[in-house]
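For clarity, every value in this text was computed on a predicted model and none was experimentally measured. Chain letters run A, B, ... following the sequence lines, proteins first and then strands; every chain starts at 1.
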There are 2 protein chains.
Amino acid sequence: MVDKARKVTRAAAGARAALGFVRPLSSVDVVAFAVFDEALRVLLVRRPKVAGEPFPGRWALPGGFVDVDRDADLLACARRKLRDKTARVSPYFEQLGSWGSASRDPRGWSATHAWLALLPTGGTAPEQVAVAAEASWRPVDDAMQKGALAFDHVEILRTGVERLRSKAEYTSLPAFLLAEPFTLPQLQRIYEVVLGRPVDKSGFRTRALAARFLAEAGTVEGDSNRPAMGYRLLDRSTPAVFPRTFSPRLGH
Amino acid sequence: MVDKARKVTRAAAGARAALGFVRPLSSVDVVAFAVFDEALRVLLVRRPKVAGEPFPGRWALPGGFVDVDRDADLLACARRKLRDKTARVSPYFEQLGSWGSASRDPRGWSATHAWLALLPTGGTAPEQVAVAAEASWRPVDDAMQKGALAFDHVEILRTGVERLRSKAEYTSLPAFLLAEPFTLPQLQRIYEVVLGRPVDKSGFRTRALAARFLAEAGTVEGDSNRPAMGYRLLDRSTPAVFPRTFSPRLGH
DNA sequence: TTAATAGTGTCTATGAGACAGTATCAA
DNA sequence: TTGATACTGTCTCATAGACACTATTAA
């Protein structure tokens with residue numbers, strides 16, 4: 001933080017750079033989701049209260065400038081930004097989009113590469129995604145309020161929530177929010193929290209099993225009296241897509 | 001071109017810039033699609049044959065560095081890049097993703113913001129999307145071949161084709177490839193070209209009309225003897241989404 | 001035995017896919 | 001009248017949604 005503040009005070013003097021172009025500021029921001037205590041939550045950090053830093057003391061998405069010496073590519077940069085704030089878990093990453101304009105950062109023309117990250121939790125085990133002191137997991141409904149975040153981060157967060165909810169309708173993406181092994185009722189509850197509405201048990205089971213993204217992992221003592229089948233994801237890199245319309249029938 | 005070359009020769013001396021960070025190069029590239037002569041085509045431009053320019057004489061996606069003095073935001077930059085190469089049409093734009101790494105551009109750490117653009121044509125009227133001399137509309141199957149394009153543009157193009165094909169399965173996105181007014185058989189042919197497979201006529205009509213994104217525009221002399229109903233898009237900014245699974249029934 | 005949750009079966013309506021048929025125009 | 005294409009009707013089957021039912025455990 002101190003080091004960062006010192007850098008900032010050097011200000012925007014030498015921005016005119018190679019190739020005859022003023023180079024925009026390049027940053028990466030991460031919309032990191034986790035589900036626990038029956039709520040969809042997003043990781044936020046406080047902006048430093050230091051002269052020259054915009055939005056001092058305000059909540060913001062974790063992120064910052066690309067470091068060309070440390071980051072091999074954009075994903076590596078996003079991973080670093082998240083690793084700085086959370087315990088070591090293996091989150092799912094997906095590009096969310098870019099926000100770039102002359103006005104979004106008072107320090108100059110700025111473009112940020114936003115990433116969506118999903119952290120696996122036990123549903124009631126936030127210690128698995130423990131955070132740095134100045135960071136916090138906040139319910140998305142609070143964080144999405146107008147003016148709740150620095151920069152244009154509310155808009156970025158809204159896009160992230162939309163993406164997650166949209167993909168929850170037809171992919172197994174919410175499964176990346178669960179630590180393994182998990183039971184089908186647990187997965188169903190994640191879907192209900194993400195979508196914000198109840199989901200039919202029978203239909204959910206049928207669809208989830210038909211999508212062939214789960215591997216049985218033995219009986220697990222679940223949240224109830226009767227043990228349930230535990231599952232792991234067959235592929236922790238890409239969600240499965242549920243059958244959709246407007247495509248030819250597959251079987252014969 | 002001459003001016004651009006002169007800029008390049010200044011090389012990477014002053015890249016260390018404001019805020020204590022070396023700023024990556026920021027560019028925008030456009031994957032612009034059009035359909036004519038029964039093929040899905042992508043707009044390509046030749047890289048200048050000038051000392052200091054990487055990939056001289058090779059085909060590449062239209063694009064280039066963000067100009068912080070001319071571009072208010074990333075979309076404006078993408079529009080400018082496309083306007084430089086094509087006649088004045090009003091294309092559909094959608095963010096495709098970011099590609100950024102230390103190695104993708106020999107001139108230094110570079111991040112590009114890629115956009116998908118769809119240009120409306122009459123299906124057999126390429127003059128509506130006329131291009132600059134050094135540019136060309138190439139069938140995507142050729143351009144997607146390994147090594148066919150400069151930088152990592154084949155990968156970006158592949159992502160664009162995937163996005164378009166994927167969305168063609170459940171949205172009205174391909175309609176943005178048609179000049180108005182158009183007939184349902186014309187729209188169906190666009191879907192068939194994009195998807196690369198035949199589409200059932202009856203089902204297509206039912207779905208297209210049920211999705212409520214079309215407005216009747218009077219009878220049009222189509223490609224055949226019998227005139228067909230002409231249609232316009234109700235909303236030229238966002239495609240309509242066809243009903244999907246895993247969502248509650250809407251009517252009662 | 002009871003409570004609680006895991007998991008299954010069944011009915012119904014919708015709607016996609018396939019394809020045959022009818023309508024309307026030019027020549 | 002013929003040919004070509006626009007457009008409609010109909011049959012079938014898969015499956016989503018709703019909900020009632022059975023199974024298996026702890027206490």
Could you encode protein contacts along nucleotides 20-27 of chain D as a string, one character per nucleotide from 5' to 3', using B for base contact, S for sugar-phosphate-only contact and - for no contact, with a heavy-atom cut-off of under 4.0 Å?
---BBBS-
Distance, rounded to the nearest Å, where B:Phe204 contributes CZ and C:dC19 contributes C1':
18 Å
Partners meeting side chain to side chain donor-acceptor pair (under 3.5 Å) with A:Asp152 (sequence neighbours left out):
A:Arg104
Can you check whether A:Leu173's main-chain N or O pairs, donor with acceptor, with A:Thr171's side chain at less than 3.5 Å?
yes
Salt bridge (charged side-chain N to carboxylate O under 4.0 Å, His left out) against B:Arg205, all qualifying residues, sequence neighbours excluded:
none
A:Asp200 CG to C:dT8 P, in whole Å, measures 14 Å
Under-4.0 Å side-chain N/O to phosphate OP1/OP2 contact, A:Arg189 with C:dA6:
yes
Can you tell me the distance, in whole Å, between the CD atom of A:Gln186 and the C1' atom of C:dG7?
15 Å
Test salt bridge (charged side-chain N to carboxylate O under 4.0 Å, His left out) applied to B:Arg236 - qualifying residues, sequence neighbours left out:
B:Glu180
To the nearest Å, how far apart are A:Leu187 CG and C:dG7 P?
12 Å
Salt bridge (charged side-chain N to carboxylate O under 4.0 Å, His left out) partners for B:Arg163, two or more places apart:
B:Glu94
Side chain of A:Ala228 - closest among C:dA6, D:dC19, D:dC7
C:dA6
Rounded to the nearest angstrom, tell me the gap between atom CZ in B:Arg205 and atom C1' in D:dA6.
6 Å
Parallel, tilted or perpendicular, judged at 30° and 60°: which one describes the rings of A:Phe204 and A:Tyr191?
perpendicular
For B:Arg165, give me all partners under salt bridge (charged side-chain N to carboxylate O under 4.0 Å, His left out), at least two apart in sequence or on another chain.
none
Rounded distance in Å - OH (B:Tyr191) to C1' (C:dA16)
16 Å
Nearest-nucleotide pick for B:Met229, side chain only, options being D:dC7, C:dA18, D:dA18:
D:dC7
Expressed as a whole number of angstroms, how long is the span from B:Glu169:CD to C:dG17:P?
10 Å
Interatomic distance, A:Leu209 CG vs C:dG9 P [rounded to whole Å]:
13 Å
